[in-house]
Amino acid sequence: MTKAVIAIHGGAGAISRAAMSAEKEQAFRAALHAVISAGQQILAAGGSALDAVTEAVRLLEACPLFNAGKGAVFTHQGTHELDACIMDGRTLDVGAVAGVSRIRHPILAARGVLEKSPHVLLIGAGAEAFAEAQGLEPVEPDFFSTPERWEQLQRALTLQHSVLDHDGAAAQSGAEPLDPDRKMGTVGAVACDLHGNLAAATSTGGMTNKQAGRVGDSPLPGAGCYASNETAAVSCTGTGEVFIRTLAAYDVAAQMAYGGRTLQQAAASVIHDKVQELEGSGGLIAVDSHGNVVLPFNSEGMYRGFAFVDGEIEVAIYRDN
Ligand code: ASP
C-alpha cells in the first residue's frame with residue numbers, strides 16, 4: 001500500500017530566533033501541528049489528497065499567524081489582494097483565484113474554479129462573484145486585517161523610503177528585501193493519499209508593500225503550485241517573481257520526468273541552484289507517489305511540517321530543527 005503523507009508550510013523567510021518569543025514560537029508550532037493532524041485524519045479515513053490539502057490550507061487561512069486569509073499582508077496602497085491555487089495530480093485539473101479581497105477562504109474559491117468552472121484562473125471582482133455564486137462566504141476586505149500586518153506595512157514603507165533615497169534601482173527591481181519579515185507566511189499543503197494520488201494547494205496575501213495589482217507565483221500553476229501523479233505535488237513560498245521566472249514548482253516535476261532525478265534531487269536543484277542563482281529566497285514542500293517528502297529552503301527558516309498517516313507529526317521552523 002502507498003505511504004500516504006501530508007506536508008505543509010506556513011511560509012519561508014528571515015525568521016530570526018531573536019525576534020521570536022517562546023510563546024510565539026509555541027503558537028506557531030501548535031498551529032502547524034493541528035493542521036497536519038487534521039490532514040492526517042482525512043488521509044487515514046481514506047480521503048483524497050485533494051480533500052486533505054484543501055482542508056489543511058483552509059485551516060491555515062483561518063489562522064492569523066500566517067499570511068493567507070485572515071492575517072494577510074497589506075499592499076503598498078493599504079489593501080488586501082489574496083491569491084490561491086489548487087491542483088489535482090490525478091487529472092491535472094487546476095483552479096486558481098488572484099487579487100481577491102472579499103472571499104473568506106480563497107482556497108475554497110480556487111477549488112470551486114477547479115470543479116465548477118471551465119477556466120483555470122479567475123481574478124478580482126469576477127472571481128469574487130463566481131465564489132459567491134458557489135455559495136462561499138463573502139467578507140468585507142478588512143476582515144483580513146490584523147494590527148501586526150499593518151505595523152509590518154508601516155515598517156516596509158519606512159524602509160523603502162530610506163532605501164529609495166540611497167539606492168532607488170535596487171528598491172525598484174525588488175532585488176533587496178526591504179523588510180526582512182515581508183516574505184513570511186504564505187501557506188501551502190501537498191499530499192499523497194492511500195491510492196497514490198497527489199494534490200497541491202497554495203494560498204497567500206502576497207508580499208507586504210506589493211504594488212496593488214501585482215500577482216505572485218502562488219496562484220500560477222507551475223510556478224507556486226503544481227501536482228501530477230506521474231512526478232510530484234509541489235507548493236512554493238518565497239520571492240514570487242523568481243518562482244515565476246524559474247517555473248519552480250513545475251521544474252521539480254520536469255527534472256524528475258525528463259532528467260530522471262529523484263524528488264529530493266529535483267527539489268534541491270530548484271531551490272539551491274535555480275532560485276538561488278536569480279537571487280530568490282524561499283522554499284518548497286513536495287511529495288511523490290512513493291510517499292517521499294522533501295522540504296528544502298534557502299532562507300533562514302520555513303514554517304513547515306509533515307506526517308505519514310500512521311506516523312508522528314514533525315514540525316520545524318529553523319534550519320536546525
Ligand atoms: N510567494 C509569495 C508571493 O510572491 C510570497 C510568499 O511566499 O511569502 O506572493
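Worth knowing before you read on, the calculation uses all heavy atoms, side chains too, and leaves out hydrogens, waters and symmetry mates. Just so you know, ligand 1 is whichever comes first in the structure, and atom 1 is the first atom listed for that ligand.
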Ligand 1 and Arg214, any nitrogen or oxygen pair closer than 3.5 angstrom?
yes
Heavy-atom closest pair, residues Val309 and Leu194
CG2-CD2, 4.4 Å
Any heavy atom of Met302 under 4.0 Å from ligand 1? The part involved is neither
Qualifying ring-ring contact (aromatic ring centres under 6.0 Å, His included) pairs, either residue in residues 77-120, two or more places apart
Phe74-His80
Gly11 touching ligand 1 at heavy-atom level, < 4.0 angstrom
no
Pair Glu115 + Arg111, salt bridge at N-O below 4.0 Å:
yes
Using a 3.5 Å cut-off on N or O atoms only, is Gly240 in polar contact with ligand 1?
yes
Nearest heavy-atom approach of Ala189 to Ile285 is CA-CD1, 3.9 Å
Evaluate the side chain to side chain donor-acceptor pair (under 3.5 Å) criterion for residues Ser218 and Thr186: first the C-alpha distance (whole Å), next the side-chain angles of each, then the deciding distance (0.1 Å), finally the verdict.
CA-CA 8 Å; Ser218 309; Thr186 287; 4.5 Å; no
Atoms of ligand 1, numbered as shown, that sit under 4.0 Å from any heavy atom of Asp217:
1 (N), 2 (C), 3 (C), 4 (O)
With only distance considered, is Thr186 within less than 3.5 Å of ligand 1 through an N or O on each side?
yes
Number the atoms of ligand 1 from 1 as they appear, then name those within less than 4.0 Å of a heavy atom of Gly206, with their elements.
5 (C), 9 (O)
Start with the C-alpha gap between Arg58 and Glu55, add the side-chain angles, then the distance that decides, and say whether salt bridge (Lys or Arg N to Asp or Glu O under 4.0 Å) holds.
CA-CA 5 Å; Arg58 192 190 69 80; Glu55 179 60 6; 2.9 Å; yes
In a table with atom names and distances, give each donor-acceptor pair under 3.5 Å that connects a side chain of residues 31-41 to protein atoms at least two apart or in another chain.
{"residue": "Ser37", "atom": "OG", "partner": "Gln41", "partner atom": "NE2", "Å": "3.3"}
{"residue": "Gln40", "atom": "NE2", "partner": "Phe308", "partner atom": "O", "Å": "2.8"}
{"residue": "Gln40", "atom": "NE2", "partner": "Gly311", "partner atom": "O", "Å": "2.9"}

Return a yes/no value for Thr204: is any of its N or O atoms, backbone included, closer than 3.5 angstrom to an N or O of ligand 1?
no
Decide whether the shortest distance between a heavy atom of Ser218 and an atom of ligand 1 is less than 4.0 Å.
yes
Could you please spell out the steps behind the side chain to side chain donor-acceptor pair (under 3.5 Å) verdict for Asn298 and His272?
CA-CA 6 Å; Asn298 69 4; His272 298 299; 5.6 Å; no
Hey, is ligand 1 close enough to Gly216 that some N/O pair sits below 3.5 Å?
no
Heteroatom proximity flag, Thr237 to ligand 1, N/O under 3.5 Å:
yes
